[in-house]
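Computed from a prediction, not measured in an experiment: that's the story for all the values here. Numbers here are sequence positions counted from 1.
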Amino acid sequence: VQLQASGGGLVQPGGSLRISCAVSGSIRNFNHMSWYRQAPGKEREWVARIYGGGTTGYADSVKGRFTISRDIAKRTVYLQMNSLKPEDTAVYYCKASRGITSFWGQGTLVTVSS
């Protein structure tokens with residue numbers, strides 16, 4: 001299983017960005033798909049999750065600003081990020097989980113700065 005994250009870049013505070021995670025296999029093979037992030041000097045933290053049935057969950061720090069979604073036909077998971085803050089600056093990683101097994105993609109860097 002390979003996961004390819006893309007779409008990161010530089011955005012001004014208050015701006016928006018959508019990042020993507022392309023999966024080599026069917027998303028339906030996984031119990032849930034998640035986004036994590038790791039800021040410089042900090043531990044990796046969970047950001048958002050979407051379950052097989054479509055239920056979603058968010059970290060308190062991004063709730064109301066970020067939206068996770070998926071396109072099963074395109075085998076892609078998205079993270080729409082609005083009202084971005086400098087503290088959202090991080091490398092964002094996607095993860096696919098099936099039972100106790102997880103697969104990670106390489107990260108995509110999001111920088112929020114004026």
Side-chain angles (χ1 to χ4, degrees):
V1 176
Q2 294 184 347
L3 293 83
Q4 181 76 34
S6 62
L10 175 64
V11 61
Q12 292 187 342
S16 298
L17 195 67
R18 189 180 77 162
I19 57 178
S20 304
C21 176
V23 184
S24 62
S26 174
I27 293 177
R28 295 185 183 277
N29 291 337
F30 304 103
N31 300 121
H32 52 81
M33 303 287 299
S34 304
W35 283 100
Y36 285 73
R37 67 186 181 186
Q38 186 166 17
K42 296 187 177 181
E43 294 186 353
R44 191 173 298 187
E45 64 175 358
W46 171 70
V47 174
R49 179 169 296 139
I50 185 165
Y51 292 88
T55 303
T56 58
Y58 300 91
D60 288 342
S61 58
V62 306
K63 198 173 295 183
R65 301 188 298 121
F66 289 12
T67 302
I68 187 172
S69 62
R70 65 187 179 184
D71 186 322
I72 293 175
K74 293 183 178 180
R75 297 180 294 179
T76 302
V77 178
Y78 304 97
L79 186 67
Q80 176 68 44
M81 302 180 289
N82 299 327
S83 302
L84 282 161
K85 305 174 182 180
E87 51 263 43
D88 294 318
T89 294
V91 177
Y92 285 72
Y93 299 89
C94 57
K95 186 179 84 168
S97 299
R98 180 172 58 216
I100 62 172
T101 302
S102 294
F103 304 90
W104 290 88
Q106 96 298 346
T108 187
L109 176 62
V110 174
T111 303
V112 184
S113 176
S114 55

Where is the tightest heavy-atom contact between [X] and [Y], given as atom of each residue plus distance?
| X | Y | result |
| --- | --- | --- |
| R49 | S34 | NE-OG, 2.9 Å |
| C94 | A5 | SG-CB, 4.4 Å |
| P13 | S113 | CD-C, 3.6 Å |
| R70 | G52 | NH2-O, 2.9 Å |
| T108 | G8 | OG1-N, 3.0 Å |
| Q80 | N82 | NE2-OD1, 2.9 Å |

Exercise for review: Could you check if a side-chain atom of S61 sits within less than 4.5 angstrom of a side-chain atom of R37, using non-hydrogen atoms only?
Suggested key: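 A side-chain contact exists here, since the closest heavy-atom pair is under 4.5 Å.
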
Which other residues belong to the hydrophobic cluster containing V23, where Ile, Leu, Val, Met, Phe, Trp and Tyr are joined when side-chain heavy atoms lie under 4.5 Å apart, directly or via other members?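 Members besides V23, by chain and number: V1, L3, V11, L17, I19, I27, F30, M33, W35, V47, I50, Y58, V62, F66, I68, V77, L79, M81, L84, Y92, F103, V110, V112.
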
Treating N31 as the side-chain partner and G99 as the backbone partner, does any N or O pair qualify as donor plus acceptor under 3.5 Å?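 Side chain of N31 to backbone of G99, a donor-acceptor pair under 3.5 Å: yes, one is there.
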
Margin query: Quick check against the 3.5 Å criterion: does W46 have a side-chain atom that pairs as donor or acceptor with the backbone of A48?
Written below: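 Such a contact is found between W46 side chain and A48 backbone.
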
Is it the case that over 12 heavy atoms from other parts of the model lie below 6.0 angstrom from the CD atom of E87? yes

Considering residues, nucleotides and ligands other than Q2, do more than 12 of their heavy atoms fall under 6.0 Å from its CD? no

How many angstroms lie between atom [atom1] of [X] and atom [atom2] of [Y], to the nearest 0.5 angstrom?
| X | Y | atom1 | atom2 | result |
| --- | --- | --- | --- | --- |
| K95 | W104 | NZ | CH2 | 5.0 Å |
| T76 | Q4 | OG1 | CD | 11.0 Å |
| S114 | L10 | OG | CG | 9.5 Å |

Does the cation-pi check pass for R44 over Y36, that is, NZ or CZ under 6.0 Å from the six-membered ring centre and within 45° of its axis? no

Here the salt bridge (charged side-chain N to carboxylate O under 4.0 Å, His left out) pairs for residues 50-60, sequence neighbours left out, are D60-K63

